[in-house]
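Every chain is numbered from 1 and lettered A, B, ... according to where its sequence line falls, protein lines coming before strand lines. No hydrogens, no waters, no symmetry mates; every other heavy atom, side chains included, goes into these values.
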Amino acid sequence: MSDLLGKNYINCEKGLWSWLTTLDHKRIGIMYLIAIVFFAFLGAVFSLILRYELFSAGKDFLTALQYNKVMTYHGAIMTFMVLVPGIPAVLGNILLPLQIGAKDVAFPRLNLLSWYLLILGAAIAIISLFTTGVDTGWTFYAPYSTGSAQSGTIFVVLGAFVMGLASILTGLNFIATIHQLRAKGMTFMRMPLFVWGLYATSIIQIVATPVVGITLLLLVAERVLGVGVFDPKLGGDPILFQHFFWFYSHPVVYLMVLPGMGVISEVVTAFSKKVIFGYKAIVYASVAIAGVGFLVWGHHMFVSGQSDWAGVLFSFITMFVGIPTAVKIFNWMTTLYKGSIEFRTPLLFALGFLFVFAIGGLTGLFLATLSTDMHFHDTYFVVAHFHYTMVGGAVMAVFAGLFYWWPKICGRMYNELQGQIGFAFVFIGFNVTFFPQFILGAMGMPRRYFDYLPEFEHLHAVSTVGSTIVNTGMVILFVVLYRAWKYGEIAGDNPWNATTLEWQTTSPPPHENFTKEMKVTGGPYDYA
Amino acid sequence: MFRLFFISIFSLFSQLAYSKKSVFMPPEASVYARDADQLYSFILNVSAVAFVLIILIIAYFGIKYRRKTLNDKTPNMSHNFALEVVWTIIPALIFFFMFGWGWKLWNQARHSPNGALEIFAEGQKWSWSFNYKSGRTSTNVVYVPVNKPVKFILSSKDVIHSLFLPAFRKKQDAVPGRYTSLWIQPNKEGEYYIFCAEFCGTGHSEMIAKLKVVSFKEYAKWLSNDPYKGLSLSAIGKKTFKTSCVACHSSDSTRKIGPGFGGLWGSTKQFTNNKSALVDETYIRESILNPNAKIVKGFPKGVMPTFKGQLSEKQIRGLVEYIKDLKE
Amino acid sequence: MTMRKHAHHFKDGDHEFSASKMGVWLFLCTEIVMFGVLFVAYFLYHNQYPETFAEGAKFLDWRLGALNTVVLLFSSFTMALGIHFCQKNDSKKAVLNLALTLILGAVFMIVKYYEYSHKFHLGLYPGKFFSYEAAESVNLAMYFSFYFLMTGLHGLHILIGMGVITWVLIRARRGEFNSKYYTPVEGVGLFWHVIDLIWIYLFPLLYLVG
Amino acid sequence: MDLHHITPIKTYIKVLALLLFLTFITVIVAKPVSGFDLGHLNTFVAFAIATVKAVAVGLIFMGLKHENKVSRNYFISAILVLLVLFSFLAFDIATREVLVNPL
């Protein structure tokens, strides 16, 4: 790093050891970014193998068992190693203290421990690649996972447990930071919306993750000791496993998307240079999503043998969780009204998020309504739905955040044209990949199928073409970001002249974040 | 590659344009399916309208309020209570209307009329076996009379499977250790796919069965000419031997590809792992379902395929009886 | 009495103390939810197989359970005193109470060891290792799976608790704690009280209700 | 909420006495000990006493009385989550349709 940027958190200490033992939240955020980009690359490779196998009906180059393993690894790596830590650990770690005017997170040592736990958990999970692998699907449903699955399942389950612990500690750290270390004058209602997104996420991390932690331990106890909690032959109830699993896994999908929504609020405001519309509405919507998210997990199990009345109850409450999401989308839309909109790459990703997440949210209605879910459950419709909300939601928002805060993180500006090319690839490729899967689902093709009927073939072909495009786009984007880190021209302290606190310090910020005590007088976005 | 790409895009839109039936769904085959399709197209239309509206508004705002100069002034619109209440109430009403409609159909779909023809459908690792009250069993194919309610009672021998009938817009998990139910009333004769919709291992995608909806007369005829009806177990075994075993085994002691069945019962056999065992029911059952567990010395391993899923319980017991009778 | 400087990103010692306490409390919430899920599973199977659980409970000796409860209550009491004396800069008494807590924890584990060996002796192992012939209900193994899972996990937490108390005891002997800085003792104390809290519910659930 | 609240030793002793007394009560009332049986109720009674003990330990020993609102809210939300999980599960299991093998 040339000394053009002066002393900052990147060059204030040299050498790998200074990075591996750093307590600076920004450096830990960068280390998370490197780890998660590697895991995302690994998961994407599995998704490409998957898609090329499904390019045409019949066995192409994988056996059924290998396909099941590739499908499981794609699911497990993407959820446990990329999406759950994703935005909170990368952008959260770097930006949270900066946005609330603090010097660091509340427990820096715990923050570093969380990173090592994630790496340890990921290593344990990846060991299973070299043993027999795991072929249960990322949901590990009993009694398949407790009985006949490959023995590698224990590694991935224990890995997921350790990564869950890392996720708890990050959530704990953020809640303590937000409560204790806000700048003078920054009341809860003057916090930036990205911080609110992280707060709602941390609530879920703290209260939901232990449930899956003990469920995974019970699964291991089932396989090792034959405990019989989930195995019907020993009197257990496999549906209880589904209840415990989805009690965590539904709030976790909100955990994955809430920080993304926080980023979108920031980007839409900054690039339309207009105060966010309905700040309080978005805050209450975020917390409502986190809260109601705990009551709806049964909509994953309408046809699983759960009682009909429970299905009715879960379907009713699920409709409640749809409303705050709709409110948020309307609020972002109204923020654009009468703004002064500048189409830079972060805003393109934010608008891409709105486009894709609107489809994701609306298709959720089919799955929340009881009688249509009977047809769509466990078909490619569901695959398309959660990719639209997860890849469209969380990943589009991650890139919006990365490009928006890249000048702050590394002091250099990305190349605008290359960024927009990357966006075009990702946006088009994503829609070409997953929109046909809605149609496949309607036609009745079940998910996790290694081989399928010939009439589904050409839609799968289109989807595979799309997956190539979207993965090329992802590679382009990371290359653009890397080149910006190395060779981008100096961006200055506030290239977007945004108003939140992180833009009032130098970029990249010094180790101590702020040179003087930060005072906050008004709301986070007073552009007027 | 691109030729395929354009064909699929064209076929995608052609389906959209000409399909009088609901968009993209397989042709419906029951009254319930038609009602479910109405709800499906209602949600589809509402979503499509809402989506197009949102995108148009965003595009319009994007173009109209492009940044002119660096220091444009933007109004300080922090919130508008009336607008926010309206756009919270309207989606809420639409969502709960969908929920209500879905619930009405759900009651219809989940409560089978009494007097429905009950069929016990049992999933096992990678095939469906259907057992009728009259004792008739069939694997991976099930005949039902048209215009009659049919109630499948589901269970599973090993892991969770899910009986999925796309043409009837219904599915229900077959959970081991429990019974769940799914009822349909076909109103059109024909052949319909049955998929397994819950991941159950390597053969998950092969577990496809056929539902044949036929006229009542034909159904009765099929039900009656049960190839194994009224035969003794041993006769059933003989019939099964003739269809599935005769290719490699002889009914006397001469060796073909596999050992002869004559004089097999009660003899002790030496195996390649130089253990030995008495030929009894468990040995025969294991050799049928998991042939490579014990290989008799002098015979190659891995030649005999497993018959797991192809032979019903009655056929296996029939074979055991038949082999018992072959003891010279 | 070394005066310890608070971490750079906090305003002062009190600020750091309240942040640390909040952090410990949040962690304890995750412990409670984790054990809570085991309790939920236990309740569900308890009223699905009442006779199995009744038969299983007959093997448990309520006297040992009651003794263990009293032991843990006293250990909570001495732990609270330990913190109390730290707040009053009386390291000597604090160390004494922490040692008492350790001893009581050890007594608890010994009683637990005795209970476990008595059950292993009868062959009442969890899950597939269950080899007790005279079981009336077929899935008695499930009851003992639950018994060993819950008390085992609780026992493991007692051991972890004893470990961190030892660490805090050594630091207290070195006089690192005073009325201005006693955060580790407070955190360890809270953790120890939560383990006692869990045992307060475990005891009636397993030993008395049956 | 005073951060460094020092609870007098007398209070600790009183709470300890209460806890021991309640333990004594819950043991005496229990079926295996005195055969005193209320059917389903004895689960309820045992748990009511355990909850009183837990509240005592929580408030005094753990200082929840003097703790700031946030930690108390998270503690309560942890218990709420367990109640939600248990009640929805009990509702599901209670309303499941029990079918029998038609053959």
Side-chain angles (χ1 to χ4, degrees), chain A residues 23-25 97 102-110 164-165 168-169 171-181 184 202-203 205-215 217-218 221-231 233-237 240-241 243-244 247-248 511-513 517, chain C residues 6-12 14-45 48-49 51-53 125-131 137-150 152-153 156 183 187:
Chain A
L23 292 183
D24 181 348
H25 64 97
K103 297 195 179 64
D104 204 325
V105 281
F107 312 114
R109 283 193 300 265
L110 200 67
L165 191 58
I168 287 179
L169 296 181
L172 182 148
N173 218 331
F174 283 178
I175 290 178
T177 311
I178 292 172
H179 272 288
Q180 300 285 343
L181 296 172
K184 203 184 305 308
S202 306
I203 297 174
Q205 279 174 325
I206 285 290
V207 186
T209 316
V211 176
V212 83
I214 193 72
T215 311
L217 284 187
L218 284 175
E222 183 87 45
R223 280 185 71 93
V224 169
L225 301 170
V227 158
V229 175
F230 302 129
D231 188 352
K233 282 194 257 323
L234 306 166
D237 177 8
L240 184 65
F241 175 86
H243 271 295
F244 283 169
F247 184 79
Y248 163 74
H511 177 63
E512 292 286 310
N513 286 355
E517 181 69 27
Chain C
H6 57 78
H8 72 284
H9 55 287
F10 287 107
K11 283 197 294 302
D12 56 27
D14 282 357
H15 188 199
E16 181 181 41
F17 175 66
S18 76
S20 315
K21 231 157 88 145
M22 181 184 288
V24 169
W25 266 108
L26 290 170
F27 178 69
L28 298 185
C29 291
T30 58
E31 290 285 338
I32 286 163
V33 171
M34 190 170 82
F35 273 97
V37 172
L38 277 179
F39 277 79
V40 167
Y42 183 91
F43 275 130
L44 293 176
Y45 283 120
Q48 199 174 351
Y49 303 105
E51 70 296 335
T52 314
F53 280 70
Y125 291 92
K128 59 182 180 214
F129 305 102
F130 186 81
S131 59
S137 44
V138 69
N139 53 6
L140 191 59
M142 176 191 273
Y143 175 81
F144 281 96
S145 310
F146 266 112
Y147 172 76
F148 283 110
L149 263 177
M150 294 170 100
L153 200 61
L156 179 71
T183 318

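In this structure, chain A has a heavy atom under 4.5 Å from the side chain of Y49(C), while its backbone stays farther away. Of the atoms belonging to F130(C), not a single heavy atom falls under 4.5 Å from chain A. For M142(C), the parts sitting under 4.5 Å from any heavy atom of chain A are the backbone and the side chain alike. In this structure, chain A has a heavy atom under 4.5 Å from the side chain of L153(C), while its backbone stays farther away. N173(A) does not touch chain C: none of its heavy atoms, backbone or side chain, sits under 4.5 Å away. For L240(A), the part lying under 4.5 angstrom from a heavy atom of chain C is the side chain only. Interface residue F27(C): backbone and side-chain heavy atoms are both found under 4.5 Å from chain A. Of the two parts of E222(A), neither the backbone nor the side chain holds a non-hydrogen atom closer than 4.5 Å to a non-hydrogen atom of chain C. If you measure heavy-atom distances from F244(A) to chain C, the contacts under 4.5 Å come from the side chain alone.
Take Y125(C) and apply the side-chain contact (heavy atoms from CB on, under 4.5 Å) test, not counting sequence neighbours, and it matches F120(C), F129(C), S131(C). When the side-chain hydrogen bond (donor to acceptor under 3.5 Å, both in side chains) test is applied to H243(A), the partners found at least two apart in sequence or on another chain are W297(A), D92(D).
Among F144(C), Y42(C), Y45(C), F43(C), the one residue that satisfies the ring pair (Phe, Tyr, Trp, His ring centres under 6.0 Å) test with F53(C) is Y42(C).
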Practice item. Check the pair H9(C) / V105(A) against side-chain contact (heavy atoms from CB on, under 4.5 Å), numbers first and verdict last. Key: CA-CA 8 Å; H9(C) 55 287; V105(A) 281; over 6 Å; no
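In terms of heavy-atom pairs under 4.5 angstrom with chain C, the leader among A176(A), G228(A), P108(A), A106(A) is A106(A). Note on V229(A), D231(A), V224(A), I168(A): by heavy-atom pairs under 4.5 Å with chain C, the leading option is V229(A).
A 6.0 Å sphere centred on NZ of K184(A) holds no more than 12 heavy atoms belonging to other residues, nucleotides or ligands.
N139(C) has its side chain out of reach of L234(A): every pair of non-hydrogen atoms, C-beta onward, lies at least 4.5 Å apart. In this structure, the side chains of L218(A) and L38(C) come closer than 4.5 Å at one or more pairs of heavy atoms.
For the pair Q205(A) and P210(A), the tightest heavy-atom approach, listed with the atom from each and the gap, is O-CD, 4.2 Å.
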